[in-house]
Structures are given as structure tokens and as C-alpha cells.
Amino acid sequence: AQTSTKRLKIGITMLIWGAVPRTPDNLEPAVKDASELGYHSFETFASILEDHDKKGTLEALLAKYPIPLKSAYVTVNVTDPSQRAAQIEMLQRYAKVLKKYGGSYLVQSCNGPRKGYVFAEHKANIISALNEYGKAVNDMGLGTGLHQHTGTAVETKEETYEVMNAVDTRYMHFAPDIGQAQKGGTDAAQLVKDFAKIIDHMHLKDFKGWEHMGGYSPLGEGKVDLKSVLETME
């Protein structure tokens with residue numbers, strides 16, 4: 001039998017596993033399912049990890065299923081400088097919990113809303129906030145990256161490129177959502193090529209633009225050139 005020389009590892013993000021209502025109680029069934037499905041590792045909301053940690057239930061849960069914790073997802077405010085110190089404190093708190101249980105990456109998505117939003121008015125704040133947030137997480141010994149997303153302060157192709165070309169990539173890497181990128185008007189495969197050197201995490205999604213599932217589709221049924229994305233990352 002041929003042995004595969006591929007090095008990519010495919011984990012799973014549980015952000016929508018029984019996501020409504022968002023409750024820490026959904027984590028165990030999600031981890032159980034992901035483990036049985038054979039994923040390499042998993043991601044969940046940082047707040048859910050913190051909740052389990054406070055209750056003292058996370059260690060036993062992780063020991064019960066043979067799938068490691070890899071990353072946690074958090075939304076950060078990048079448009080209001082008055083929240084900066086509190087956001088840094090939150091990030092370091094979450095990073096400490098993530099690291100305690102073997103995780104290594106904190107995914108940072110920006111705040112919304114888009115209504116009445118003018119990117120140019122916030123660009124400087126977004127860049128400085130992300131630089132500080134990147135350093136704060138790195139100081140805790142973890143990697144981190146920006147996760148552009150529809151409905152947030154960094155959504156469109158122009159916003160994504162302007163931000164990623166301006167941030168200090170020694171600290172803040174790129175953790176794109178390629179389905180969201182395609183939905184936001186970006187050629188996701190080209191985006192991955194353009195920033196491959198600083199991508200160390202991504203949400204592998206596909207976007208079809210139909211009436212179901214917010215326009216998303218099963219992998220391989222949409223507009224994202226997944227073969228190109230995977231080859232670039234490999």
C-alpha cells in the first residue's frame with residue numbers, strides 16, 4: 001500500500017455543534033462525535049473552555065475522548081480603543097486556559113456590526129488593536145491569527161488585504177475562513193496563495209451562494225477551489 005506523504009492535519013471546529021443556545025453542555029457530545037469521526041483535533045469557543053475549567057470538568061472530559069484540543073475561538077473588539085485593556089486581559093485569561101489543556105492557537109475574529117460601518121474610519125484602530133492582541137497572546141506562549149468573517153469589521157476582500165498587509169505579522173498571523181472569504185467577494189484560493197507564509201490555521205469551508213445554510217455548501221459543491229487551497233497549504 002502506498003503511504004501518504006501529505007502533512008496537513010484536518011481538525012474540526014465545534015462552533016456550530018448544537019450551537020443554539022450556546023452552552024458549555026454542548027461540548028461533550030461534540031467532542032464525542034468528532035472523536036468517533038476521526039478528526040485530528042478540535043476547536044471550540046474560548047468562553048466554553050473557561051466555563052468548564054472553572055467548574056473543574058474539562059480535564060475529565062478531555063481524558064474521556066482520544067481527540068486533543070487544538071484551538072479556541074474568540075471575538076475581539078478592534079474598533080473601540082477604550083476596550084483595549086479589557087480585551088487584552090480577556091485574551092490572556094483565555095490563552096492561559098487553552099494552554100493549560102494542551103491547546104496552541106487562539107483564533108481572533110473581529111466585532112461587528114456592519115450597519116453604518118465605514119472601514120477607513122476604523123482601519124488605524126483595527127491594526128493597532130490586532131498588533132497588541134497578537135503580542136498579548138504570543139506572550140502567553142500561543143500562536144494567534146485574524147479570522148476575517150462576514151458581518152464583522154474585516155469582511156470584504158479590500159478590508160482583508162489592507163489589514164493583513166498592514167498588521168505586524170511577527171505577532172498576528174492569518175487564520176482565514178475561506179468560505180466566508182468567498183462569500184465576502186474574495187477569491188479564496190488566491191487569498192490563501194497571497195498570505196500562505198502567515199497562515200497556520202483556517203476554517204475549511206465552501207460557499208455556493210444558494211438559499212440554504214447561509215449560502216454555504218458541503219465541501220466540493222461550492223465555488224471555493226479547495227484543491228488549490230489544500231495544495232498551497234501542503
Can you tell me which residue pairs pass the salt bridge (charged side-chain N to carboxylate O under 4.0 Å, His left out) test with a partner in residues 86-103, sequence neighbours excluded?
-> Glu50-Arg93, Asp53-Lys100, Glu89-Arg93
Distance-only check: which donor-acceptor pairs under 3.5 Å involve side-chain atoms of residues 58-72, not counting sequence neighbours?
unit_1: Lys64; atom_1: NZ; unit_2: Glu28; atom_2: OE2; d: 2.8
unit_1: Tyr65; atom_1: OH; unit_2: Glu28; atom_2: OE2; d: 2.7
unit_1: Lys70; atom_1: NZ; unit_2: Ser104; atom_2: OG; d: 3.3
unit_1: Ser71; atom_1: OG; unit_2: Glu43; atom_2: OE1; d: 2.7

Does [X] have any salt bridge (charged side-chain N to carboxylate O under 4.0 Å, His left out) partners at least two apart in sequence or in another chain, and if so, which?
X      : result
Lys223 : none
Glu231 : Lys227
Glu234 : Arg7

Side chains of His173 and Asp200: is there a donor and an acceptor less than 3.5 Å apart?
-> yes
Only pairs at least two apart or in different chains count here, so list each ring-ring contact (aromatic ring centres under 6.0 Å, His included) that has a residue in [range].
range            : value
residues 16-52   : Phe45-Tyr73
residues 116-140 : Tyr117-His122
residues 76-105  : Tyr105-His201

Can you run down the side chain to side chain donor-acceptor pair (under 3.5 Å) pairs that involve residues 208-219, sequence neighbours left out, and say none if there aren't any?
-> Gln180-Tyr216
With sequence neighbours excluded, what pairs up with Asn77 under the side chain to side chain contact (heavy atoms under 4.5 Å, CB included) test?
-> Thr79, Asp80, Gln83, Gln87, Asn111
Leu219: what forms a side chain to side chain contact (heavy atoms under 4.5 Å, CB included) with it, not counting sequence neighbours?
-> Leu204, Asp206, Leu226
For residues 158-166, which side-chain donor-acceptor pairs fall under 3.5 Å, sequence neighbours excluded?
unit_1: Glu159; atom_1: OE1; unit_2: Arg114; atom_2: NH1; d: 2.8
unit_1: Glu159; atom_1: OE1; unit_2: Glu155; atom_2: N; d: 2.8
unit_1: Glu159; atom_1: OE1; unit_2: Thr156; atom_2: N; d: 3.1
unit_1: Glu159; atom_1: OE2; unit_2: Arg114; atom_2: NH1; d: 3.3
unit_1: Glu159; atom_1: OE2; unit_2: Arg114; atom_2: NH2; d: 3.0
unit_1: Thr160; atom_1: OG1; unit_2: Thr156; atom_2: O; d: 2.8
unit_1: Tyr161; atom_1: OH; unit_2: Asp194; atom_2: OD2; d: 2.6
unit_1: Glu162; atom_1: OE1; unit_2: Lys123; atom_2: NZ; d: 3.1
unit_1: Asn165; atom_1: ND2; unit_2: Tyr161; atom_2: O; d: 3.0

